[in-house]
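As structure tokens, the structure follows; a few thoughts come after it.
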Protein chains: 2
Amino acid sequence: MSGGVEWGLHCCVVLSGAGEPVPAAKLAELHDVSPSYLAKQLQLLSRAGLVRSTLGQSGGYVLTRPASEITVLDVVEAIDGAVPAFRCTEVRQRGPLATPVEECTTPCPIARVMDSADNAWRQSLRAVTVADLVSEVGRTTPAETLSLARAFLRS
Amino acid sequence: MSGGVEWGLHCCVVLSGAGEPVPAAKLAELHDVSPSYLAKQLQLLSRAGLVRSTLGQSGGYVLTRPASEITVLDVVEAIDGAVPAFRCTEVRQRGPLATPVEECTTPCPIARVMDSADNAWRQSLRAVTVADLVSEVGRTTPAETLSLARAFLRS
DNA sequence: GATCCTATACTCGGATAGGCTATGTCCGAGTCACCAGGG
DNA sequence: CCCTGGTGACTCGGACATAGCCTATCCGAGTATAGGATC
């Protein structure tokens, strides 16, 4: 999985707390990551419609929906793509004993198992929203740090 | 995910049906894949202890355990490695508002969610054994093809 | 004092290089089976 | 007829190139703001 997913999730959490647009450069400084590369991830979030970009001075990124309506899966798929990790190449239809296409009416059992696992993974990520993450972060982070973060974003 | 996982699973299914050692070259011909690269995957299975290699004439690979005791997860981890897809870089401890290490007693919520999803994925793969795959393949494949496969392996 | 215009600085977006893992390939070391020769 | 030694071919195992994707970067197009001049 792409490492940018982690950054994207952290950014969503931060954006949820800030009521005003936050520039990509400020998010990068806050997380101490490459500004250029983070910009790429934010562009992916923008293409997926999760965040909205505002140009010009005092511009930046804002969430388009309430954090409670953005699942972790949304962010993961926006950055890593929605293609399943396993891709069946239909080995049954290859080689000297290739099963003809008309016989291949049922999906390959291996692909079925992999798809099932992939669905379980997605379901697990779909069950958690960014709002849940925000709540958890607020519970485990000192209040002082949170207010410092607010101040940092407004500066 | 590595594409070789699919080959490895197909090979385990085939090996389960053949009572005698099967050379890597024959498995590659049966599945119409690169012999050299399939050899690499089989070596990974061998290192993981899932299959046992026999050298010399009429040698090849054999399963070390009954197919009912080999889970799909075993094969996946043998080939792709057992490292989780998501790697937490502890963003909290970076940047100008870095939380000191002594405050970071609870794991990052994002990592927690990702680990949970990863566990769900693994659990789903652990619930299916190679024997289940063999059963399913036997149910959806013409009996003639199966006997042809037996003959092909013995030739 | 209010309004309009201009210049500025700041924003995002897409096009552009580099590094690393996954893919694909090759050849050598080791081993078992077979066969010929001898007892 | 049985045993033994040698030969041969076949097997796996690890070391070696290649390609595609992830990582990282840069500069240009566009825009909201701030300030100043004008009415």
Side-chain angles (χ1 to χ4, degrees), chain A residues 1-8 11 15 18 20-29 31-64 76 78-81 83 85-87 89 153-155, chain B residues 1-8 11 15 18 20-29 31-64 76-87 89 91 153-155:
Chain A
M1 166 166 7
S2 169
V5 169
E6 187 181 11
W7 300 2
C11 285
L15 288 178
E20 54 189 359
V22 181
K26 200 160 279 291
L27 288 170
E29 187 186 357
H31 296 113
D32 187 27
V33 297
S34 162
S36 311
Y37 192 40
L38 182 63
K40 197 191 231 344
Q41 315 298 342
L42 290 170
Q43 284 170 32
L44 291 172
L45 293 179
S46 177
R47 284 186 195 172
L50 297 180
V51 301
R52 190 72 183 170
S53 64
T54 311
L55 261 60
Q57 198 158 333
S58 75
Y61 288 98
V62 191
L63 295 182
T64 57
V76 171
I79 293 181
D80 258 19
V83 292
F86 182 83
R87 171 68 188 162
T89 60
L153 292 178
R154 292 183 186 280
S155 69
Chain B
M1 164 165 10
S2 169
V5 170
E6 186 181 12
W7 301 1
C11 285
L15 288 178
E20 54 189 358
V22 181
K26 200 159 279 290
L27 288 170
E29 185 186 358
H31 295 114
D32 186 28
V33 296
S34 162
S36 311
Y37 192 39
L38 182 64
K40 197 191 237 328
Q41 315 299 340
L42 289 170
Q43 284 171 31
L44 291 173
L45 292 179
S46 178
R47 285 186 196 173
L50 297 180
V51 301
R52 190 71 183 169
S53 64
T54 311
L55 261 58
Q57 199 159 331
S58 75
Y61 288 97
V62 191
L63 294 182
T64 57
V76 171
E77 286 190 338
I79 294 180
D80 258 20
V83 291
F86 182 84
R87 171 68 189 163
T89 60
V91 176
L153 291 178
R154 292 182 184 282
S155 70

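So you know, we letter chains A, B, ... as the sequences are listed, proteins then strands, and number each from 1.
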Distance in Å, [X] [atom1] paired with [Y] [atom2], rounded so as to fall on 0.5 Å steps:
X: Leu38(A); Y: Gln43(A); atom1: CG; atom2: CD; answer: 10.0 Å
X: Ser155(B); Y: Lys26(B); atom1: OG; atom2: NZ; answer: 4.0 Å
X: Glu29(A); Y: Leu27(A); atom1: CD; atom2: CG; answer: 10.5 Å
X: Lys40(B); Y: Ser34(B); atom1: NZ; atom2: OG; answer: 11.0 Å
X: Leu15(A); Y: Glu20(A); atom1: CG; atom2: CD; answer: 11.0 Å
X: Asp80(B); Y: Gln41(B); atom1: CG; atom2: CD; answer: 9.0 Å

query: Heavy atoms under 4.0 Å, any strand shown: does Gly3(B) hit a base, just sugar-phosphate, or nothing?
result: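 If one applies the 4.0 Å heavy-atom cut-off, Gly3(B) turns out to touch the sugar-phosphate alone, with no base involved.
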
message: Counting the atoms with a prime plus P, OP1 and OP2 as sugar-phosphate, which does Ala24(A) contact under 4.0 Å by heavy atoms, base, sugar-phosphate, or nothing?
response: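 Contact class for Ala24(A): sugar-phosphate only.
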
State, to 0.1 Å, how close [X] and [Y] come at their nearest heavy-atom pair, and which atoms those are.
X: Ser2(A); Y: Tyr37(A); value: OG-OH, 4.4 Å
X: Leu44(A); Y: Ala78(A); value: CB-O, 3.8 Å
X: Gly49(B); Y: Thr64(B); value: O-OG1, 2.9 Å
X: Gly59(A); Y: Pro23(A); value: O-CG, 3.7 Å
X: Pro21(A); Y: Thr54(A); value: CG-OG1, 4.3 Å

message: In dot-bracket form, 5' to 3', how is DNA chain D paired? Count Watson-Crick and G-U wobble pairs only if both distances fall under 3.5 Å, and write | where the partner sits on another strand.
response: |||||||||||||||||||||||||||||||||||||||

message: Between P on dT21(C) and CZ on Arg87(B), what's the gap in Å once rounded to a whole number?
response: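 Nearest whole value for this atom pair: 14 Å.
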
Criterion side-chain contact (heavy atoms from CB on, under 4.5 Å) against Tyr61(A), the qualifying member of Leu50(A), Val22(A), Leu42(A):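 When Leu50(A), Val22(A), Leu42(A) are each tested with Tyr61(A), the side-chain contact (heavy atoms from CB on, under 4.5 Å) holds only for Leu42(A).
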
- request: Could you pull out all residues at least two apart from Thr89(A) that satisfy side-chain hydrogen bond (donor to acceptor under 3.5 Å, both in side chains)?
  value: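 Partners of Thr89(A) under the side-chain hydrogen bond (donor to acceptor under 3.5 Å, both in side chains) test: Glu6(B).
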
Pairs under 3.5 angstrom, nitrogen or oxygen only, protein versus nucleotides 4-7 of chain C, please.
none

message: Of all nucleotides in DNA chain D that come within under 4.0 Å of a heavy atom of chain A, which is furthest toward the 5' end and which toward the 3' end?
response: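 The protein-touched segment is dT23(D) to dT33(D).
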
field: Positions of residues 36-49 of chain A (non-hydrogen atom under 4.0 Å from DNA chain C), listed by number
entry: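 Of all residues in residues 36-49 of chain A, the ones placing a heavy atom under 4.0 Å from DNA chain C are Lys40(A), Gln43(A), Ser46(A), Arg47(A).
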
Between the protein and nucleotides 29-35 of chain C, which nitrogen or oxygen pairs are less than 3.5 angstrom apart?
none

